[in-house]
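Reviewing the structure listed below.
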Protein chains: 2
Amino acid sequence: MRKAFHLHSLSGIVASHKTLRKVLYLHSFSSPPSSTFLGPNLPDVWVPRHNTSPPHTLLPQSLQWTDNDDHSAAILEGKPIANHIKLKVADEIRRMKSDIGKFPKLAFVLVGDRRDSHTFIHLKSKACEKVGIETVVSQLPENCTENELLDVVSGLNDDQDVHGIIVQLPLPQHLDEERIMNIVSPEKDVDGFHPLNIGNLARSGRKPFFIPCASRSCIELLLNHGIEIRGKRVAIIGRGKIAGLPTSLLLQRHHATVSLLHAYTKNPERITSEADIVVTDVGIPNIVRGDWIKKGAVVIDMGTNQVKDPSSQVFRVTGDVCFEEAVKVASAITPVPGGIGPVTVSMLLSNTLDSAKRAFGIV
Amino acid sequence: MRKAFHLHSLSGIVASHKTLRKVLYLHSFSSPPSSTFLGPNLPDVWVPRHNTSPPHTLLPQSLQWTDNDDHSAAILEGKPIANHIKLKVADEIRRMKSDIGKFPKLAFVLVGDRRDSHTFIHLKSKACEKVGIETVVSQLPENCTENELLDVVSGLNDDQDVHGIIVQLPLPQHLDEERIMNIVSPEKDVDGFHPLNIGNLARSGRKPFFIPCASRSCIELLLNHGIEIRGKRVAIIGRGKIAGLPTSLLLQRHHATVSLLHAYTKNPERITSEADIVVTDVGIPNIVRGDWIKKGAVVIDMGTNQVKDPSSQVFRVTGDVCFEEAVKVASAITPVPGGIGPVTVSMLLSNTLDSAKRAFGIV
């Protein structure tokens with residue numbers, strides 16, 4: 001097993017929420033359920049290790065990278081695509097309202113009072129309101145019982161006016177996340193995380209009710225920019241349930257040859273440097289360096305890491321890829337912020353609209 | 001799109017049932033359901049194409065392979081493992097009978113009168129009987145309606161004495177295979193093909209009720225021979241729902257770095273020749289040649305192809321791997337027949353026993 005990613009190695013960097021969760025998970029790791037057949041449930045902790053300097057700082061001031069200094073990749077901007085999708089969704093909802101007097105409704109379930117969860121729900125709700133999706137938040141106290149939470153979710157499942165349910169993660173430790181997520185009706189699972197939807201995503205020819213938003217976003221960005229997927233070699237770094245894993249399944253359905261890399265992959269750069277498309281979902285700023293990328297490859301950066309600039313002490317969001325290096329090698333690359341992120345939010349709106357249309361019998 | 005695998009290129013070889021189905025699918029291919037996001041449902045047809053002679057005959061008489069002529073891989077025999085598992089299952093069932101007077105029961109559903117389906121059910125039933133699993137076959141006529149079939153499956157779902165249900169595939173074309181497979185209770189889906197079970201297999205930390213038998217067999221063979229999986233590079237050739245796809249998910253859970261190859265993969269041998277473990281589920285005899293394999297790699301051949309020896313006109317079963325070449329390069333290899341096959345059957349018995357134990361409340 002590889003060494004854990006310790007907090008003290010994060011000098012000058014405030015670990016992203018995602019990274020922190022991984023670290024916390026590691027520290028709470030005792031003897032998780034395991035089975036001979038299903039394999040050991042080891043913590044999926046990435047180690048930022050790479051032979052070359054500079055270390056993973058916010059903006060490397062003195063890049064060693066000299067090759068192709070005149071080359072610069074196309075930037076796969078997400079905002080124009082997101083805006084286009086939002087306009088389409090808003091337009092459909094407007095017509096829906098005027099034609100049948102109905103509209104989509106999305107329910108959030110929030111347990112406890114985490115500031116980041118409040119922020120996420122606020123951002124998603126605002127996006128919903130702008131396109132005409134009604135939102136409602138069911139808030140439960142931090143110390144609620146599992147049955148209380150299950151009752152709330154079941155109520156939303158039965159509520160014919162609700163078309164999408166999002167249980168905001170993470171849940172407090174005393175609640176069984178898996179059990180609760182399984183209770184969400186697959187037909188209202190707009191996040192696409194229900195095992196039934198994941199299982200139908202994995203199998204060609206089958207249709208899940210929903211595809212996870214970040215994965216749809218990845219496909220949307222590629223298709224919108226005319227990037228061929230079929231027959232291409234894809235390396236996905238990170239197998240998180242929200243982005244990496246479902247994206248591996250979705251790209252495979254698009255007939256890419258997918259390699260799924262993770263914390264136990266040895267020499268990941270050997271695989272990524274052969275890939276036509278590199279997708280990252282790691283949660284460590286700048287872990288993917290320029291020399292991990294093949295010349296002319298496409299880079300989709302799904303990382304969202306909060307980092308603090310050591311000089312200005314200002315926080316900003318950055319991806320998993322060292323953009324300044326990769327942009328000189330890749331043929332196209334998503335920026336962070338402004339790449340996958342905005343499209344992902346628009347995909348949630350699209351999923352919620354699709355669900356409402358299904359409920360209203362609109363094909 | 002790559003060229004289709006035409007029947008006339010099969011001179012001297014009787015295509016396996018699997019290959020034939022693929023070819024038939026290709027020929028019946030008009031406009032399958034597709035969606036922008038889910039990717040095109042293209043026929044997954046392998047083309048036997050490799051630069052070197054000899055062609056894919058049953059037993060190449062004059063191998064060009066000379067390197068490492070003195071080396072021979074360890075043969076991963078399946079029968080001893082299968083026998084061991086069968087003995088264990090039989091012993092548990094004997095104790096179950098004497099302790100609580102109960103025993104597992106497996107139901108087969110057969111539509112029509114296909115000879116191969118009869119054979120498969122006969123073989124599985126015989127294996128069941130030997131260990132004390134009762135079997136029952138619900139046979140429906142070829143022209144039965146979908147509702148008639150669904151009623152039979154629903155009845156078996158409700159029957160508390162039945163612990164496993166296998167709907168024998170393929171079904172006649174007028175029946176919606178997906179819809180019928182979805183009706184099988186995930187808790188009796190001893191094949192492990194239900195999307196809920198596949199979805200829970202895909203996600204680390206989650207527990208499907210059942211893991212597909214061929215995938216369990218692959219893990220069993222590796223673990224039994226002390227072959228490390230974690231951190232190893234695995235190339236899986238073929239993404240069939242029965243073996244290739246679920247095995248990719250299972251090996252990933254065991255922390256292998258998995259690349260999933262298929263008909264649209266360009267130069268598959270470039271990827272396989274870097275893999276520590278090569279798993280095949282193609283359905284074309286001898287498609288995987290010796291020079292596809294890295295020295296010292298482990299080869300798991302899941303192919304089961306019926307081929308006719310041109311000289312003797314005798315049929316025999318062979319795998320996807322050119323054994324005579326691969327055995328000189330690999331460190332270990334499964335034979336066909338006698339490798340994955342027998343273990344897969346024993347896994348069905350084990351899955352059925354597990355299901356009965358769950359039903360009887362035996363942990």
*Could you tell me which non-hydrogen atom of E178(B) sits nearest to which non-hydrogen atom of G205(A), and how far apart they are?*
OE1-O, 3.6 Å
*Classify the angle between the aromatic ring planes of Y264(B) and H255(A) as parallel (below 30°), tilted (30 to 60°) or perpendicular (above 60°).*
tilted
Chain A contacts, top residue of [options] (heavy-atom pairs, under 4.5 Å):
options	result
V258(B), L261(B), I219(B)	V258(B)
H194(B), R270(B), R216(B)	R216(B)
S259(B), P186(B), P208(B), A256(B)	S259(B)

*Looking only at atom types and distance, does a side-chain atom of R230(B) sit under 3.5 Å from a main-chain N or O of G39(A), one as donor and one as acceptor?*
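Checked: no pair found.
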*Between the main-chain N or O of I198(B) and the side-chain N or O of R203(A), is there a donor-acceptor pair closer than 3.5 Å?*
no
Could you measure the distance from the [atom1] atom of [X] to the [atom2] atom of [Y]? Nearest 0.5 Å is fine.
X	Y	atom1	atom2	result
R233(A)	T265(B)	CZ	OG1	9.0 Å
T257(B)	R239(A)	OG1	CZ	8.0 Å
N182(A)	N200(B)	CG	CG	6.0 Å

Given that the side chain runs from C-beta out, which part of [X] has a heavy atom under 4.5 Å from chain B: side chain, backbone, both or neither?
X	answer
L251(A)	neither
E274(A)	side chain
I229(A)	neither
L223(A)	side chain

*asked:* Could you go through M181(A) and R206(B), starting from their C-alpha distance and side-chain angles, then the distance that decides it, and tell me whether this counts as side-chain contact (heavy atoms from CB on, under 4.5 Å)?
replied: CA-CA 11 Å; M181(A) 302 306 281; R206(B) 286 182 173 255; 3.7 Å; yes
*With a 4.5 Å limit on heavy-atom distance, are the side chains of L38(A) and L201(B) in contact?*
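Side chain of L38(A) against side chain of L201(B), heavy atoms only: contact under 4.5 Å found.
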More than 12 heavy atoms of other groups within 6.0 Å of [X] [atom1]:
X	atom1	value
H84(B)	NE2	no
K86(B)	NZ	yes
K357(A)	NZ	yes

_Partner chain B: residue of G231(A), S215(A), A235(A) with the largest heavy-atom pair count (under 4.5 Å)_ =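 Winner by heavy-atom pair count: G231(A).
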*Any idea which of S204(A), A202(A), S248(A), P246(A) has the most non-hydrogen atom pairs under 4.5 angstrom with chain B?*
A202(A)
